[in-house]
Amino acid sequence: MTRKRFRQACGIIAALGFLLVLGTAGASDCDLIPMSQILRQGCIGLGMFAGGLWLGGYLS
């Protein structure tokens, strides 16, 4: 039961990371945020996405 909840929580974190990367890409296309913020948000979102998938066991 706890493993299922942990896996589900990791999936939610991965989805939020993907949405952060997607939102950052959209905002950068419209020139709404500076390059430093684009890089920062992109790295954080990618880390959330990859980390959530890896910890949840979705990549194995």
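Position 1 is the first residue of the sequence; numbering continues from there.
Linking Ile, Leu, Val, Met, Phe, Trp and Tyr residues whenever their side-chain heavy atoms come within less than 4.5 Å places I44 and I13 in a single cluster. I12 and L46 fall into different hydrophobic clusters, where Ile, Leu, Val, Met, Phe, Trp and Tyr are joined by side-chain heavy atoms under 4.5 Å apart, directly or via other members.
Nearest approach of F6 to L55, heavy atoms of both residues: CE2-O, 3.5 Å. Of all heavy-atom pairs between T24 and G42, the closest is CG2-N, 4.3 Å. Summarising the geometry of S28 relative to I38, their closest heavy-atom pair is CB-CD1, 3.3 Å, with the distance given to 0.1 Å. Of all the heavy atoms in V21 and G45, the pair that sits closest is CG2-C, 3.6 Å.
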* To do: Go through F49 and L53 one step at a time and tell me if the side chain to side chain contact (heavy atoms under 4.5 Å, CB included) criterion holds.
  => CA-CA 6 Å; F49 180 64; L53 290 179; 3.6 Å; yes

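Note that CE of M48 and SG of C43 are 13.5 Å apart. Values are rounded to the nearest 0.5 Å. A distance of 8.5 Å separates CG in L16 from CG in L20, rounded to the nearest 0.5 Å.
Atom CD of Q37 has more than 12 heavy atoms from other residues, nucleotides or ligands within 6.0 Å.
For Y58 (side chain) and R7 (main-chain N/O), a donor-acceptor pair under 3.5 Å exists by modelled atom type.
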